[in-house]
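Working notes, structure below.
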Amino acid sequence: MNRDHFRVLVFNLTTGEGKITQLDGRDRVAGGSGLAAILFNHYGQMEVPWDAVDQPLIFTIGPLTGYFPLMSKTVCAFKSPYHNQYTESHGGGRSAMALRFANLDALVVIGRSPVSCFLEVGSTHHRVRGCGFLRGKDVLESGKILRRISKGSGHRSILRIGPAGENGAAIAGINVDTYRHFGRMGGGAAMGVKNLKAIVLQGDANFPLPQKTGYTKLFAEVHRQVTSSGMMKKYHDLGTPANLRSLNELHALPWRNLQTTTDQAVDRISGERFAEDTLLRNSACSGCPVGCIHVGFVREKFMADHRYLYRQVGYDYEPIFALGTMLGVTDSFAVLTLLDLLEKSGLDAMSAGVALAWATEATEKGILSTEETMVPLIFGDAASYQQAARLFGTGANAFYRLLGQGTLKAAEMYGGKEFACVLGQEMAGYATGEVFFTAQALGFRHSHLDSGGYAYDQQHAAQNVSAAVNFLLQDEASRALLTSMVACLFARGVYTETILAECLQSLGYDNLATNIPQLGRDIQKLRWQTRIASGFRPESVTIPKRFHQVTTWKGPVDPNYLHLLQTGYAQAIVALADKQD
Amino acid sequence: MSPPAGPVVYLGILNGNFMKILTTPHMDRCIGCHSCSLACARLLHQRLSWETAGIRIKSSGGLTTDFTAVHCLVCDPPPCAAVCPTGAFAPRKGGGVIVRKKLCNRCGSCATACPVNAVFLDQEGEPFVCVHCGRCVPFCPHDCLELVDSDSVSSATKNVPSEPLP
């Protein structure tokens, strides 16, 4: 399976035809994030809007995908409807393994179908099928129908969008196998604009493994480390929702549109509370024994005489922050109900929750009324938020459709930019301080996973701009390396540079192995060059005043330090992209 | 197609587990990670695959919406061996089959005869079936799988609760 090139399926929805192509560059970019950047440079149009017919929607995996535990992520890359620039979003489920067994390093979708359609891709076939009958169907219903009409049960991955993506919401995500997502930066709209409702990846090939390279022994060792380290407990036990209580104690948990960073009510929606009251079961991405997916349940009495229905809702820290603490909703079942509604619509739950939090404060301040929101938005009022989630998900009026383009778009029209919790996109749930705010506002995909800025804040009380900027750059490079393999970043503690080199060598990728860590820095640079070529201007990023008003465990945020960090990081990004080889 | 040349490989004999049976008593704990399938393919067949393996995980759908393991349920006598024209599949003491890969002519009869679809044929028609070696067992993070003595198979395959009932 080790190949010195990339095997790419380029499918043109306009013509309904796909072509397998070979692409060079394996030793330069490995795969994943690096490969996505190469492909966007090849197929993307930097100066043309995101919704142009020929803009590509790219899915890539890496050289280690499937070969080692937790090498289970797929990179999705596209020109974002959120900011009209190049971006990435990462997702798991079975998508990475299914692409591997479809014998592809990447899938590139270009063109636009004349009718609503879905794409079926396997190792020996690819075809587009019309699916007007799925138009407007929610994410879960679409999944059920696709499972019925497309083959490959258990060994396939179904990527689909909901009404939000079909309607062009810039915060619409792509659902992967029900409980995972390419959630952020509007991948759902990038797919919807192509009239592409779903992609079914049918992993039906298999490959010989290398012999006499120590591969099997190395796999066993990595598996041992993965399952015996604290990582197993951290991500499987309470999972990421364990952050709720610890961040609240640190005065770093955003509450009610970031008006405060701690509240005693956290005990009602802590990770412990979710696990004890709502957890139904765990699930896993294919190829990962950790099983970090937490599936909770909501029971609803819909009729007298004890007539109940129940729903299964996957939860994590981020949606609990966005739909719980950010909205002041402190009932775990109410949070899951809200999450379920947004999941079905295909809106990204994080972005949607933060946007609704802004709309609620705007209502408090008299900027908005029910004329726009249709239902009264009040922090803590879960019933109203449920109605709002339905309205938001379907884009029920001009206000919700504008809010679906991003909080700042709505704030530009109605006012209230100063309390919009936007750092490049709607904030992630870490009010840890100046370094994180800078890291997300300027980060490559505006994700808390771009770099460990939140951890740096917690470990460094002293202000040191150059040290913080250097940390962000170096940490981002190491993560760019991992997301080019493509690893789940939960495994970053196990996949050290040494282990990564051993893994690559065991599969015959000697050139890649010997080029670590420079490889990560090269990929980091290529990604930034691509982003900047597509229109990103780091120096023009603004951080709303709300982030100047935050008080964390370190005390009030220092606006001057935040400004210096922002300036320093922006300059460093530009310098990195301009640096001569 | 004539059998490939080369030494006869007796899957299910070399591991020395004649009297052991792979059971799946705790599939209600399964998280769908495919670690078992990948381990079988990797360790027994030297392949990267979630299909060319003696145990394969499917989402069962239906009313219970959990996972199910597709693997050999140790028929005794095994109908797959009965229809095999070359002796590649032969009855194993205690149920199930011994597989002699090099004798296989890839006719696919074994897969057709299996009542529980436990024999997987790859794109070249090569059959893959569980030989009850147990190499998948340690890779299951939730102890869904157990290798037990064949004479205890009837009780072992029952859906035993993870905790004793009061």
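Chain naming here is simple, since letters A, B, ... match the order of the sequence lines and numbering starts at 1 in each.
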Under 4.5 Å from a heavy atom of chain A, the part of [X] involved:
X      : value
B/I57  : backbone
B/F139 : both
B/Q46  : both

Is the distance between the ring centroids of A/F68 and A/Y215 under 6.0 Å? yes
Please report the closest heavy-atom contact between A/N103 and A/R7, naming both atoms and the distance. O-NH1, 2.7 Å
[X] and [Y] ion-paired at < 4.0 Å:
X      : Y      : answer
A/R311 : A/E300 : yes
A/E120 : A/K151 : no
A/D105 : A/R26  : yes

Region of [X] that comes under 4.5 Å of a non-hydrogen atom in chain B:
X      : value
A/R147 : neither
A/H223 : side chain
A/T124 : side chain
A/R224 : neither
A/S283 : both

Would you call the rings of A/F101 and B/W50 parallel, tilted or perpendicular, where under 30° means parallel and over 60° means perpendicular? tilted
So does B/K58 have more than 12 non-hydrogen atoms from other groups sitting under 6.0 Å from NZ? yes
Most contacts with chain B, counted as non-hydrogen pairs under 4.5 angstrom, among A/P210, A/S123, A/G203, A/G66: A/G203
